[in-house]
Amino acid sequence: MSPTSAPSKDREGGAAPDSRKAVRGRAARRHPFARFLVRRIITALLLALGITLVTFILTNLVPGDPAAANLGQRAIGDPAIVAQWRADHGLDKPLPQQYLVHLSGVLHGDLGQSQQSHRPVADDLAEFVPATLELAGAAILISLILGVGFGVVAALRRDRLPDHILRVTSLFGISVPTFWLALVAFYVFFYRLQITPGSGRIDPGMTPPPHVTGLYTVDSALAGQWDVFASAAGHLVTPALVLALYTIGLLTRFTRSAVLEVLGQDYVRAARAKGLPGRVILFRYVLRPALVPVITVAGLAFGSLLSGTVLVEAIFAWPGVGQYAYKSATSLDLPAVMGVGLVVGVVYLVINLIVDVLYGVIDPRVRLS
Amino acid sequence: MRRRQTAPRTGGLLRRLPEAWRRPLAIAGGVVAIAWILIALAAPVLAPHDPLAQELPRLAPPGPGHWFGTDQLGRDILSRVLYGARVSIPLTLLLVALSVLIGGLLGACAGYFGKWVDETIMRLADLVFAFPTIILAMVVAAALGASLGNAVLAVLVVAWPAYARVTRGLVLGIREREFVVSGRLLGFSAWRSLRVDVLPNVTGPVMVLATLDIGTALLLLSGLSFLGLGAKPPSPEWGAMVASGVEVFDSWWVATFPGLAILTVVLAFNFLGDTLRDALDPRTARAIKERAI
């Protein structure tokens, strides 16, 4: 939301509000971070509300009667039963009221029932979320390490061979269809060369570690089951790398231009003229300011990772939200698709909220502006 | 680098472009993109077989007579990949053109008129940005029903806000300029001022974004088809062809060639877009200039 919508506008007239405004201005100056935080959280809440509205409207766009989809053949012939069913599900009420019913359901964790699994969508999602978080977490970690590293190298060796190679590689990374790359990687490394483990999260026949976080690598390490850990980590590598390729490309390109911009600054030239060693200039003078905006891009890149999971998990039979979304989409299981949209949208929102706040913590100009 | 230094710092689009177009990436991108467009136009002449005819041996590996092999229904994959260009490329270009048109107009209105128009349009854009792209496109496509037309509509829903944002920002910078204000003072209507004075001045950067976006749009569209939410069989759409390759996993050629087709088209347009951006982005230009001193 625009900064002009900040709550500093005072609508009351007279002298008293003026002084109140001054007090509030002083308070804002004293607690600029709190104000920044509140504004960001309010924005995020409004957007979350918007996400529920979008999924609600889309569900209502679908031609076809939900009663017909949920009731049996014989029941649909009886108008009384249909009317009863519609009343039970709040479908006889006007749309705005239906939205409120939907919203209260969402707030109580009711995302509807999957037409495929015949279970509540929320239960399905709760089961699949940890697997996706593990995959996406590993992928963002790989992307940050490789993407930033490559970007710095490309900037420092600008217009030389490493830069050209990295430029083409990163363009390749953002151009390759993820679903196809996943298939190729699976075929080459597992099926042909047999150097990576197959599909799933651990080897077949192995018992998953005791549930603590739901992340197999973390849980197995906590339980000291190192064989399970090795298996889980091995299964994670290929899908995480495939998923990360796009974000590696994105972060390489962004880091390169950010570092190049800082390298052109006067203070870097001054540091160089002062005779500071190259490493000190790079880490203390160049990387710190250059990497601040990279955080924002990494937050946005997480969105493309979440998108990618839909395409990658399907190929690697990774039992996460992505595969659930894929199965629901292909069978047009609408409540499940909407549930995924809602949950992933909110997760993305929360991650970007954290990134925004982090950005504000690191760069005071952001929270003061 | 030396040559670039002699290039004029400012000036029209055309004066700066030729220099940029001489770079190997731009040439490679241009050649591949033009080749694919020609393939799309000449597919009926180039394709050795009917893309829909199920007349060849099933799952035959690549070899003489069928260079890319055949699929599980005995169709020639080379012909299907060539015909696929007629499905994917025009749809992608149409999609980007529509996104530019809708997003650009909405963004221009938001920037020009401000107030509630701006608020409404930009909050809508924020809402779209709140979703990861393919998830929202998937949700929209699932709600509308699986068809290629609906997939295009779904990607359109996801794609317009980027143009709206960029155009709005540019229009905000231009609307207070003297030639716009004097036009308004002369009594020109808002629509005329927008059309004659403002929009022509924002087309350049928006076109760069559009070129950069062609690849992304194709990836999204083929991704939706891969998910079964786009093209219907037997249409030779590349994403759907890759999906059919998943079923016959050990016949690698079924999925490989359509995937390569997507990759080469996206890569070509990304090469072009990247060159364009470098040539026109003042930030990169400044960094280059300052480093060169």
Side-chain angles (χ1 to χ4, degrees), chain A residues 1-2 43 46-48 50-51 53-55 58-59 61-63 158-159 167-168 171-172 174-181 183-184 186-187 191 253 257 260-261 263-265 302-308 310-311 314-315 325-326 328-330 332-334 337-338 340-341 344-345 348-349 352, chain B residues 1 24-25 118-119 122-123 126-128 130-146 215-216 218-219 222-223 226-229 238-239 242-243 245-246 249-250 252 255-256 258-260 262-264 266-271 274 281 283-284 286-291:
Chain A
M1 300 270 149
S2 74
T43 310
L46 285 174
L47 279 176
I51 288 176
L53 191 63
V54 168
T55 48
L58 286 173
T59 317
L61 266 185
V62 191
R158 201 173 72 83
D159 281 343
R167 184 179 189 138
V168 176
L171 275 171
F172 178 85
I174 60 164
S175 304
V176 64
T178 314
F179 54 92
W180 178 74
L181 186 73
L183 200 61
V184 171
F186 194 70
Y187 180 82
Y191 193 73
R253 292 154 58 77
S257 61
L260 270 185
E261 205 177 336
L263 278 177
Q265 300 285 334
F302 204 80
S304 60
L305 276 184
L306 289 174
S307 292
V310 178
L311 304 166
I315 306 279
Y326 172 74
S328 320
T330 43
L332 288 178
D333 179 355
L334 209 62
V337 174
M338 294 304 156
V340 171
V344 173
Y348 186 44
L349 203 65
N352 275 305
Chain B
M1 212 165 85
L25 277 192
D118 187 20
E119 279 295 316
M122 294 329 287
R123 291 303 79 82
D126 281 346
L127 195 56
V128 174
F131 283 97
T133 44
I134 212 167
I135 304 276
L136 180 59
M138 193 182 81
V139 167
V140 175
L144 295 176
T216 321
L218 177 56
L219 283 180
S222 54
F226 172 80
L227 290 174
L229 293 172
W238 293 331
V242 175
V246 179
F249 190 66
D250 42 356
W252 56 268
T256 303
L260 279 175
I262 303 173
L263 172 64
T264 45
V266 177
L267 207 54
F269 280 106
N270 278 347
F271 278 174
D274 199 55
D281 184 0
R283 276 203 318 167
T284 330
R286 193 178 66 222
I288 289 167
K289 191 186 77 198
E290 286 182 4
R291 286 271 292 175

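Order of the sequence lines fixes the chain letters, A, B, ..., with proteins taken first and strands second; residue numbering starts at 1 for each chain.
- Of the atoms belonging to A/Tyr191, it is side-chain heavy atoms, and not backbone ones, that fall under 4.5 Å from chain B.
- Between the CD1 atom in A/Ile315 and the CH2 atom in A/Trp180 there is a gap of 12.0 Å [rounded to 0.5 Å].
- Considering only heavy-atom pairs separated by less than 4.5 Å from chain A, the leading option among B/Ala255, B/Gly215, B/Ala243 is B/Ala255.
- Interatomic distance, A/Leu171 CG to B/Phe269 CZ, rounded to the nearest 0.5 Å: 14.5 Å.
- Both the backbone and the side chain of B/Leu127 come within contact range of chain A, each with at least one heavy atom under 4.5 Å from a heavy atom of that chain.
- Residue contact with chain A, scored on non-hydrogen atoms closer than 4.5 Å, involves the backbone and the side chain of B/Ile135 alike.
- Put simply, CD1 on B/Ile262 and CG on A/Leu181 are 12.0 Å apart, with the number rounded to the nearest 0.5 Å.
- When each of B/Thr216, B/Thr256, B/Val140, B/Asp118 is scored by its heavy-atom pairs under 4.5 Å with chain A, the top score falls to B/Thr256.
- Across all their heavy atoms, A/Leu311 and B/Gly223 have their closest contact at CD2-O, 4.1 Å.
- Side-chain contact between B/Pro132 and A/Val344 is present, with heavy atoms from C-beta onward closer than 4.5 Å.
- Between chain A and the options B/Leu136, B/Val128, B/Leu219, the largest number of non-hydrogen pairs under 4.5 Å is found for B/Leu219.
- The choice from A/Val54, A/Val340, A/Leu306, A/Leu349 that makes the most heavy-atom pairs within less than 4.5 Å of chain B is A/Val54.
- Aromatic pair A/Tyr348/A/Phe302: centroids not less than 6.0 angstrom apart.
- Heavy atoms closer than 4.5 Å to chain B are found nowhere in A/Leu305, neither backbone nor side chain.
- Contacts of A/Phe186 with chain B are made by both backbone and side-chain atoms, with heavy-atom separations under 4.5 Å.
- Each of A/Leu53, A/Leu183, A/Ile174 has some count of heavy-atom pairs under 4.5 Å with chain B, and the biggest count is that of A/Leu183.
- When heavy atoms are compared at a cutoff of 4.5 Å, A/Val184 does not approach chain B at all.
- Contact annotation for B/Leu229: only side-chain heavy atoms (C-beta onward) come within less than 4.5 Å of a heavy atom of chain A.
- Classification of the B/Phe226-A/Phe179 ring pair by plane angle, with boundaries at 30° and 60°, yields parallel.
- The side-chain heavy atoms of B/Phe271 and B/Leu267, taken from C-beta on, include a pair separated by under 4.5 Å.
- Residue A/Leu58 comes nearest to A/Met338 through the heavy atom pair CB-CE, 3.8 Å, listed as atom of the first residue, atom of the second, then distance.
- Looking only at heavy-atom pairs under 4.5 Å with chain A, the residue among B/Val246, B/Asp250, B/Thr133, B/Leu25 that has the most is B/Asp250.
- Interface remark: A/Phe172 contributes backbone and side-chain atoms alike to the contact with chain B (heavy atom separation under 4.5 Å).
- Ranked by heavy-atom pairs shorter than 4.5 Å toward chain B, the options A/Pro177, A/Ser304, A/Gly303 are led by A/Pro177.
- With a 4.5 angstrom heavy-atom cutoff, B/Leu218 does not touch chain A via any of its atoms.
- Looking at A/Arg167 and B/Asp274, their side chains come closer than 4.5 Å, going by heavy atoms from C-beta outward.
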